[in-house]
A.B. asks: 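Below is the structure I would like to discuss, written out as structure tokens.
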Amino acid sequence: MNSALLELLVMKDEFLPAYLMDKKYWVTILLSEVSVGELFALIEDSFYMIKV
């Protein structure tokens, strides 16, 4: 996840910055507030970002 995407996500109420284990690009997602489709899209994007 790049810093621009992170900034956009944490502007939404359902995403919070997370600083777990010095991972500055991680976010906390409130699952009750996010659709399954959006969650899967974020997982897929994350997967392809680490493969490149």
Side-chain angles (χ1 to χ4, degrees):
M1 176 176 301
N2 64 35
S3 60
L5 177 56
L6 178 66
E7 288 178 26
L8 289 173
L9 286 176
V10 296
M11 289 175 67
K12 298 179 177 182
D13 291 335
E14 57 268 20
F15 297 94
L16 305 168
Y19 300 101
L20 180 65
M21 300 183 303
D22 284 339
K23 305 295 186 194
K24 66 180 180 178
Y25 294 116
W26 286 23
V27 294
T28 297
I29 302 171
L30 302 176
L31 296 177
S32 62
E33 304 294 321
V34 177
S35 71
V36 173
E38 185 176 11
L39 183 61
F40 284 150
L42 288 168
I43 291 169
E44 186 174 0
D45 289 346
S46 178
F47 175 76
Y48 286 113
M49 282 185 211
I50 63 168
K51 288 192 73 158
V52 174

A.B. asks: For Val34, what residues pass the side chain to side chain contact (heavy atoms under 4.5 Å, CB included) criterion, not counting sequence neighbours?
C.D. replies: Glu14, Phe15, Ile29, Glu38, Leu39

A.B. asks: Show your reasoning for whether side-chain contact (heavy atoms from CB on, under 4.5 Å) applies to Leu5 and Asp45.
C.D. replies: CA-CA 11 Å; Leu5 177 56; Asp45 289 346; 5.6 Å; no

A.B. asks: Quick check: is Leu31 connected to Leu9 through a chain of hydrophobic side chains (ILVMFWY, heavy atoms under 4.5 Å apart)?
C.D. replies: yes

A.B. asks: Show the nearest heavy-atom pair for residues Leu16 and Val10, with the distance to one decimal.
C.D. replies: C-CG1, 3.9 Å

A.B. asks: With heavy-atom distances below 4.5 Å as the criterion, would you say the side chains of Leu6 and Val27 are in contact?
C.D. replies: yes

